[in-house]
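Structure record follows, encoded as structure tokens.
The basis for the numbers below is simple: all heavy atoms, side chains too, and nothing from hydrogens, waters or symmetry mates.
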Amino acid sequence: MSGFLPFWPEQASAYAASVDRLVLAFSALIIVLSAPVFLLIIAFAIKYRRGKPADRSHPMNRNVWVETSWAVIPFLLILIFYVWSTQLYFGLHRPPADALEIEVVAKQWMWKFQHAGGQGEINELHVPTGTNIKLNMISQDVIHSLYLPVLRIKQDVLPGRYTTLWFNADKPGTYRMTCAEFCGTDHSVMGGSIVVQEPDGFSLWLETSATDSTLAAQGAALFRRFGCSGCHEPHSSVRAPSLAGIYGQPVALNNGTAVIADAQYIRDSILLPNAQVAAGYAPIMPTFANVATESDLIALTAYIQSLATDNSRSAPIPTNIAPEGTAP
Amino acid sequence: MPGLRALLPVYVALLALLATTLGASYLPLGGWSPVVSTAVALAKAALIAGFFMELRLEGAALRLAVFAGLFMCAILLVMSSVDPLTR
Amino acid sequence: MSALSKTSEDGSIIGLEHEPAGETRHERESYLRAGHTLRSWLLTTDHKRIALLYLVSVTFFFFIGGLAAAIMRVDLLTPEADLLTNEGYNRAFTLHGVIMVWFFLIPSIPNVFGNFLIPLMIGARDLAFPRLNLLSWYIYWLGGLFTLWVLVSGGVDTGWTFYTPLSSMFAQGNVVMAATAVFIVGFSSILTGLNFIVTIHTMRAPGMHWGRLPLFVWSHYATSVILVLATPVLTVTLALIAAERLFGLGIFDPALGGDPLLYQHLFWFYSHPAVYIMVLPGLAVVSELVAAAARKPVFGYWFVAYSSIAIAAIGFLVWAHHMFVSGMSMYAGAVFSFLSLVVAVPSGIKVYNWTATLWKGHISLDPPFLFAMGFIGLFVVGGLTGLILAMLAVDVHVHDTYFVVAHFHYIMVGGTVSAYFGALHFWWPKMTGRLYPVFWGRVTAVMIFVGFNLTFFPQFILGFLGMPRRYHVYDQQFQVLHVLSSTGATILGFAYLFPLIYLLYALRHGTPASANPWDVTGLEWTVPSPPPKHNFERIPLVTRKPYDYEVEKEEQS
Amino acid sequence: MSRAAASPPLVPPAKQEHDATLFGMGIFLASEFLLFGGLFTILVFYRIVHGHEVVEASKELHLWIGALNTVVLLTSSLAAALAAKSAKDGDQRLTQRLLLAAAALGAVFLVIKAGEYSLEYGDGMLPVPGGGGQLVEPLSRLFMNIYLVATGLHAVHLTIGIGLFVFTAFRIWHRSIRLPQDQLSIVVPTLYWHLVDIVWIFLYPALYLQR
């Protein structure tokens, strides 16, 4: 692999191996489909060279059956591969529920990773082997694209919307990670590495780089600093819906519809508070668009999510608390 | 005036269609509302193209050109809706 | 100097004898001699002169775009940022893309050869709207001047795709000016396409019904349909980009509630069919060249003709295969992946039919035919790697890598540019009335083929290894392949310069060409070389199919 | 492959020119329509993604002013169609008057439109400097931006159409167009006018009637 002339990239996951199998099989098919063209052109150019005697009697000019068959048969063969590759692609878009989630913020020109325990990394991502990892990604400015060649995956990272990428790496090592979508001046150097470790090594790394507070705790601090607690906590003077247990649950909106309170909804509600107002509350919440960074939003979301896991059984979902109530 | 006798009914029909689409916009049609207003707009466009522009009298090639424009526009609208509808 | 000779290799083969056309009986003044003043060129409405104006213009932009590519290839010799800064590199590839796409590839074959040949091939005296044709050349140059202005004022750094919000909110450089340049040149394309469609519909000579049109004309018809129907969407999208940057509209900017994927949908609705705008004329040329090379009718005329139309039609339905990792819904991905595989079918038909055309032919290896065979080889590789890219799971890995770069250069440069040079070598005697040294033509054809493969084949490997595109600082392991690629690019660069020398030399010193130096069929070869001002003194009456060589007659009799 | 036919005149016959011009115009109109196709796509896209907000924003527009303008434009189209008919009949005077009537109605449309803009400006609904006070929500601002671009582009087209009609009427007066032989010079601008009308017919529900 690392020889003078590299030819095939390393594989670090079962998924990568399955993509490679698809590539090899499909390459075999296209060689079968194209070899006749190359060989026959050369053969005909030699055999039927102008002025050279050759049997040129009864040449055909058209044959609908021949033409139809060389249009349809390759297409049907290719369809088999279409089904195969589409299945892989759908799998890539359906992350398993039990995945270990890592938050990713991209900005010109760096990658920032946030583990649930509060460990943050820049341009380096530590993950354990044999574990489903799900990256929740968002960009702070332009479109970026997280590309991990050894895992054969990439996904554009959009501003304003979370995209996800999941994988299960199985081979320890340090591999390249790059930005694949052109993102401005230093696009070329917006890279880094992914460090795949055995679970033991990974736990060790988590411990040694542990911070004082988890991501949720950082979010709790922000919740107070931005003044969210002033309205959203139970005994506040202004009526706003309590956020306990809200994460992942449906929220009734005042236009009669309902949404699932996922990360995207929470983010949008902080930045565009009056777009989707919870039913029974007045749209009075100010926007935090110029205050909260993407990292802040991720921490806040983690905090709200932690409220869900803490209280999901005990606290009822508070909707329609009071008619004179206020913003989400 | 030449042609007024022929074109006046078309004009009245166009105004009637306008009234229809306006009226329909006040009805609680929900998801059907855009369908109705698009259908009415298509009918109006067909009247204008057929009678005012006299495409029904001109050659097949011209009709083909105008149809291609509308058809391609429909393709653009439909195919670019696939993504947001299933997102 | 070995001049082009038509008799030596003919042997026993007798090409179709043309019945003497009226205009050859007495000398008529050629279009080149119809006026020598600058004014007679700049205000001409003769489609042949306008074609030559375009020939000079696209050649100029080809070398500017090529220069940008050369600088990039030199910079890529080492993994560090040494020759260019990061910013400088971004500006170089943006300029390379913008110039090559809109000022060379899209106008190259249609505006030079389409302009010159369509009226001659269908037996008309000019295009339907000669003044519109001239106007379209001026619009092209207006757009060109804006581009040159962008170039001297420092360039842009958005990539030729102008993705938002990078282009609308973040990029430095003159994005508005660059968008304006492309906006303007779009109108030139629309007018040319319109002119071609109307000409093909209404100006055909008596007897030249659709089944007798040369395949060149069919492909240009398909191209024109795309030009007319796709370009306006790009026009409005670029206007919105400019407005977005100037006034902060927010339609494509998530910070203002917009959606950047909407921009990508609109952009690729034009820019994917634009790929077919670039390659269909190449396919047009090759159909002609293959028939001429084999001296046989193209195998399955109707399949090849309709495959052009099918490519144009289905080509409108596949654009989102540029967006498989963009965050688009996976169901949309599946739909567009499927349609992208469907569009490969008509292209496949063409390639197989060309191969079958060579069977039992009388194959000449003169320069145009070497270019055509080179084209088929490179187009096959480009097309099949396109299928690989249409496979969703594989695309996720190689999207936005050098694999994509290699793929579309195989189609655009290996394909279209080879066809362009093939056309230049085939119709040069017709356009200028002079023969050129065949030996050098053959050398060029082989050098382009070799240089091209050396440049771009390593890039497939680079891409599969995970080298992203638009990177000039890269991992050490990629250097060997990059050096190989740059070496190939050097060969390619010289090969592109050669014709400039010997074709210009031939212009003055070449042997005068006969009306039909290749001894092939086609109405354009029945008029003198170079053709007189209004092409045909008498409008010809067409009574036979195209490519009506000996075999065809045998079969029918 | 060919032999010389009886030599037709160098100038293409009138029928051929007539067909070519009309066909060319048809293609041009198809192309123009797709220019607006991009804007329709944007509207449909946001209707799907942010349906509720788009409906709310659409309700802020002056529906009845739009309806009135539709009537004005339909009437002008009728005048244009009659102009084309009378041009074929060779009635120079009537053609000229009908063209000017259609152009005047077009001008009325623009005046009403300008009045509508100023109403919206006064309401703080127009996303221009000093005019967007009420557009707090990004999506309603976005919708009004699309509205402004689409109606603005349409107004530009209409202005070109008015110019064409006035110029054509002038040429009739100047006797550089003679009817009925030069009827194409009338028919082509009226075709353009009808297209501008058709664009409005689609813009009206797409902008005003989103419910």
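- Contacts of A:Ser18 with chain C are absent, with no heavy-atom separation under 4.5 Å from either backbone or side chain.
- Contacts classified as salt bridge (charged side-chain N to carboxylate O under 4.0 Å, His left out) and involving residues 384-401 of chain C (residues at least two apart or in different chains) are given here: C:Asp400-C:Arg469.
- Among pairs with a residue in residues 22-32 of chain A, none fulfils side chain to side chain donor-acceptor pair (under 3.5 Å), at least two apart in sequence or across chains.
- Counting only residues at least two apart or in different chains, side chain to side chain donor-acceptor pair (under 3.5 Å) contacts with residues 338-356 of chain C comprise A:Glu67-C:Asn353, A:Trp70-C:Asn353, C:Ser287-C:Trp354, C:Ser307-C:Lys350, C:Ser308-C:Lys350, C:His321-C:Ser340.
- Shortest non-hydrogen contact noted between A:Tyr89 and C:Phe324 is OH-O, 2.7 Å.
- Remark: C:Ile363 CD1 to A:Tyr48 OH distance equals 8.5 Å, nearest 0.5 Å.
- Closest approach of A:Ser34 to C:Leu384, counting heavy atoms only: CB-CD1, 3.2 Å.
- Rounding to the nearest 0.5 Å places OG of C:Ser326 at 7.5 Å from CD of A:Gln155.
- Using a 4.5 Å cut-off between heavy atoms, C:Ala334 contacts chain A through both its backbone and its side chain.
- For chain C, the nearby part of A:Cys183 is the backbone; its heavy atoms alone come within less than 4.5 Å.
- A side-chain donor-acceptor contact under 3.5 Å links C:His362 and A:Arg56.
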task = Carefully, step by step, assess A:Leu88 and C:Leu392 under the rule side chain to side chain contact (heavy atoms under 4.5 Å, CB included).
result = CA-CA 8 Å; A:Leu88 281 176; C:Leu392 289 160; over 6 Å; no
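- Both the backbone and the side chain of C:Val342 come within less than 4.5 Å of a heavy atom of chain A.
- Closest non-hydrogen pair, A:Ala180 versus C:Pro468, comes out as CA-CB, 4.3 Å.
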query = Would C:Phe464 and A:Phe7 count as a side chain to side chain contact (heavy atoms under 4.5 Å, CB included) if you check the C-alpha gap in whole Å, the side-chain angles of each, and the deciding distance to 0.1 Å?
reply = CA-CA 8 Å; C:Phe464 194 66; A:Phe7 179 67; over 6 Å; no
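- Among residues 159-169 of chain C, the residues having any heavy atom closer than 4.5 Å to a heavy atom of chain A are, in sequence order, C:Gly159, C:Tyr163, C:Thr164, C:Pro165, C:Leu166.
- For a residue to count as touching a neighbouring chain, one of its non-hydrogen atoms must lie under 4.5 Å from one of that chain's; by this rule C:Val473 touches chain A with backbone and side chain alike.
- The line from OH of C:Tyr471 to NE2 of A:His187 is 5.0 Å long, rounded to the nearest 0.5 Å.
- For C:Gln476, no part lies near chain A; criterion is any non-hydrogen pair under 4.5 Å.
- A donor-acceptor contact under 3.5 angstrom links the side chains of C:His397 and A:Tyr147, judged on distance only.
- The two residues A:Phe182 and C:Asp157 have their closest heavy-atom pair at CE2-O, 3.1 Å.
- Smallest separation of non-hydrogen atoms from C:Lys360 and A:Asp55: CE-O, 3.6 Å.
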